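Since the structure comes first, as structure tokens, the remarks are kept for the end.
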Amino acid sequence: EFLRLGSPELGVSLVSWRALAPGVLLVLGLWPVLLALDVLRSRWVSDPARQELFVILTTPDIGGMAVVLLVLAVPPALMEETLFRGILQPLQEKAWGRWPAIVLTAVLFSAFHRSVEQALVPFLLGLALGWLRSATDSLWPCIIGHALHNGVTAMAMIHLPGWMDPAAPIPPWPLWAGGMLLALAAARMLGRRALKAPPAQW
């Protein structure tokens, strides 16, 4: 029932699967909502860095989808979650409290991506991941959810290249509305359960 790796202080010790599953669903549910916001953003503000990444991803000899996902999905999620939600957020929470720490970490997370054009999406994702870290007292839902978010985004850039076009239509409302409902349902599940695992013994 539990993952056993790491230290309690870092947030990678015991975590119940009952916390992991809705945590991952929360991030996946938010993805179509963030996609819709990104499509709206692309109508007014271009993103050269995103276009450059798209060119790289669609190069025939890039090495295959598995290589792309292995490079873009897992390592960034592991390193960024360890840094922001594993180290910075707990430190800031001790100094400022829970919600200021979540918001400030999300701001730093957004700034880390070094894209003014893309500031909103990583900020909102950072808020969700920060709350998830606090609600589950674990990094595992954040790491897995972040990796899935990166992977789905990479696949969308390859298979739905038109979503970066300034004239791209907003995704159908059932897609993003359904994603929002899934995210809210997952958040409700997390909020109603006693998810914090017993202290680890090492």
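Computed from a predicted structure; not experimentally measured.
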Heavy-atom pair with the smallest gap, counting every atom of Arg133 and Pro90: NH2-CG, 3.7 Å
Greater than 12 external heavy atoms within 6.0 Å of Trp96's CH2: no
Spell out, yes or no, whether Leu139 and Leu25 are grouped together once hydrophobic residues are joined by side-chain heavy atoms under 4.5 Å, including indirect joins. no
To the nearest 0.5 Å, atom CG of Asp38 lies from atom CD1 of Ile170 at 12.0 Å
Met180: what forms a side-chain contact (heavy atoms from CB on, under 4.5 Å) with it, not counting sequence neighbours? Val33, Leu184
Taking only residues at least two apart or on different chains, which pairs with a member in residues 101-113 satisfy salt bridge (charged side-chain N to carboxylate O under 4.0 Å, His left out)? none
With sequence neighbours left out, what residues match Glu81 under side-chain hydrogen bond (donor to acceptor under 3.5 Å, both in side chains)? Arg85, His146
Exercise: identify the closest heavy-atom pair between Ile102 and Leu127: CG2-O, 3.8 Å
From CG (Leu148) to CD1 (Ile143), nearest 0.5 Å: 12.0 Å
Restricting to pairs with a member in residues 100-116, which pass side-chain hydrogen bond (donor to acceptor under 3.5 Å, both in side chains), not counting sequence neighbours? Gln92-Thr105, Ser115-Glu117
Minimum-distance pair of heavy atoms, taken over all atoms of Pro22 and Ala186: O-CB, 3.2 Å
Looking only at heavy atoms, what is the nearest atom pair of Pro171 and Ala36, with distance? CD-CA, 3.8 Å
Do you know which of Ile144, Leu132, Val152, Leu34 makes side-chain contact (heavy atoms from CB on, under 4.5 Å) with Val27? Leu132
Test side-chain contact (heavy atoms from CB on, under 4.5 Å) applied to Ala128 - qualifying residues, sequence neighbours left out: Leu30
Roughly how far, to the nearest 0.5 Å, is the CZ atom of Arg188 from the CG atom of Leu26? 14.5 Å
Report yes if some heavy atom in the side chain of Arg41 is under 4.5 Å from a heavy atom in the side chain of Leu120; otherwise report no. no
Stepwise, does the side chain to side chain donor-acceptor pair (under 3.5 Å) test hold for Trp99 with Ser134? CA-CA 9 Å; Trp99 279 107; Ser134 180; over 6 Å; no
Looking at residues at least two apart in the chain, or sitting in another chain, which of them share a side-chain contact (heavy atoms from CB on, under 4.5 Å) with Val74? none
Mind listing the closest non-hydrogen atom pair of Ala147 and Ala77 along with its distance? N-CB, 3.5 Å
Assigning hydrophobic clusters by single linkage (Ile, Leu, Val, Met, Phe, Trp, Tyr; side-chain heavy-atom cutoff under 4.5 Å), is Leu182 placed with Trp173? no
Looking only at heavy atoms, which two atoms of Gly179 and Pro32 are closest? And how far apart? CA-CG, 4.0 Å
Using the rule that Ile, Leu, Val, Met, Phe, Trp and Tyr join whenever any side-chain heavy atoms are under 4.5 Å apart, tell me whether Leu124 and Leu175 fall into a single cluster. no
Across all chains, not counting sequence neighbours, the ring-ring contact (aromatic ring centres under 6.0 Å, His included) partners of Phe84 are Phe109, Phe112
Please enumerate all residues that pass side-chain contact (heavy atoms from CB on, under 4.5 Å) together with Pro76, with sequence neighbours excluded. Glu80, Asn150
